[in-house]
There are 2 protein chains.
Amino acid sequence: MAVHVLAVLAYKEGDRVSSALLAGSVNTNPVMVRRLLLALQRAKLVETGKGAGSGSRLSRSPGRINLAEIYRAVEDCEPFATPARKPNSACPVGYCIRATLEKVFASAQVALERDLEKTTLATVIGAVQAASGCGGKKVG
Amino acid sequence: MAVHVLAVLAYKEGDRVSSALLAGSVNTNPVMVRRLLLALQRAKLVETGKGAGSGSRLSRSPGRINLAEIYRAVEDCEPFATPARKPNSACPVGYCIRATLEKVFASAQVALERDLEKTTLATVIGAVQAASGCGGKKVG
DNA sequence: ACATATGTAATCACTCTAGTTACTTATACG
DNA sequence: CGTATAAGTAACTAGAGTGATTACATATGT
């Protein structure tokens, strides 16, 4: 959803876009989009203004925003969930399995993000434009 | 949790282990462990028997089981969730954003699994034994 | 001032998951 | 043969998490 929103903003090439229009493309509620935009603002990926005729736009060119940055902006927690209950620390395996797996999972997450870094918003937009016949159609 | 269970089985070096004992180490219910073991059986990672004195054991040596196999055995769906509602297909971005992102996410998942492949159960057990002072302590 | 658009809280509905209980089936052992 | 043990499995409950929605305050441009 975050990539979708940013792709629309990239498609609009710097124009201010309201949360209502973005919500129309994602097919959700404007409030959901605004909550997402707050995270993207914190990550300095978008700039948002209030008032008539305002809205959001990218703070950088699409070629300088990669998917790993988007991932980090919206996915605060780790992809590997740890069980709610702690393992039995009286068991030698339970005692240190978490610490052991944390390192493994951290490495896997780095590998994941390195792969996401290879794709930029410009790449995504390119695929979109190729699929839609390179037209400057209406968005929303 | 799957890694934890398999680590205990590896620690027991081929002995049959009951779901109740595994549940004690993971600190959960034996039924949860049995449900997990069903998935691990389907992936041919463990062998399970019924009856008194029976239980589960690894079907291969720990050095020949890597974390990517475990991941695939228990994580059936993709790590990147797609929104419940479909994007607005009247929008050029919404029309093809899903297909575009599917490729990106598939690539990221491959990168993730490639990293997990580098770690085997033997690696995990090695870390566990190093942390617990190489002792043959009681498990459970 | 007024219309527009964001920021944000409160709430509801739905889903997912872990947990639990209970029962059936299969195996080993005396 | 019968009893104990342990897996397979269904049904139900509880809680967390998420999306959606409504409502309202705040800020901004005309």
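Just so it is clear: chains get the letters A, B, ... in the order the sequence lines come, proteins before strands, and each one is counted from 1. Note that these values count all heavy atoms, side chains included, but never hydrogens, waters or copies made by symmetry.
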Collect all protein-nucleotide pairs involving nucleotides 13-19 of chain D in which both atoms are nitrogen or oxygen and the distance is under 3.5 Å.
none

Partner set under side-chain contact (heavy atoms from CB on, under 4.5 Å) for A:T120, not counting sequence neighbours: A:N66, A:A122, A:T123
Carboxylate-amine/guanidinium contact A:E69 A:R60, below 4.0 Å: yes
Short side-chain N/O contact to C:dA5 OP1/OP2 from A:S19, under 4.0 Å: no
Looking at A:R34, I'd like to know whether one of its side-chain N or O atoms comes within less than 4.0 Å of OP1 or OP2 on C:dT6. yes
pair A:E117-A:L67: side-chain heavy atoms closer than 4.5 Å: no
I'd like to check A:L9 versus A:L22 (side-chain heavy atoms, cut-off strictly below 4.5 Å). Are they in contact? yes
Mind listing the side-chain donor-acceptor pairs of residues 44-55 of chain A below 3.5 Å, one per line with the distance, residues two or more places apart or on another chain?
unit_1, atom_1, unit_2, atom_2, d
A:E47, OE1, A:R57, NE, 3.3
A:E47, OE1, A:R57, NH2, 3.3
A:T48, OG1, A:Q41, NE2, 3.0
A:T48, OG1, A:S56, OG, 2.8
A:S54, OG, A:G49, O, 3.0

Can you tell me how far [atom2] of [N] sits from [atom1] of [X], to the nearest Å?
| X | N | atom1 | atom2 | value |
| --- | --- | --- | --- | --- |
| A:N29 | C:dC12 | CG | P | 17 Å |
| B:E75 | C:dT17 | CD | C1' | 12 Å |
| B:L9 | D:dA7 | CG | P | 11 Å |

Please list, chain by chain and in numerical order, all residues satisfying side-chain hydrogen bond (donor to acceptor under 3.5 Å, both in side chains) with B:K118, sequence neighbours excluded. B:D115
Test of understanding: with side-chain hydrogen bond (donor to acceptor under 3.5 Å, both in side chains), list the residues that count as partners of A:S89, not counting sequence neighbours. none
Which atom names give the shortest non-hydrogen contact between B:P87 and B:G94, and what distance separates them? CB-O, 3.5 Å
For DNA chain D, the residues among residues 36-58 of chain A that have a non-hydrogen atom under 4.0 Å from it: A:K50, A:G51, A:A52
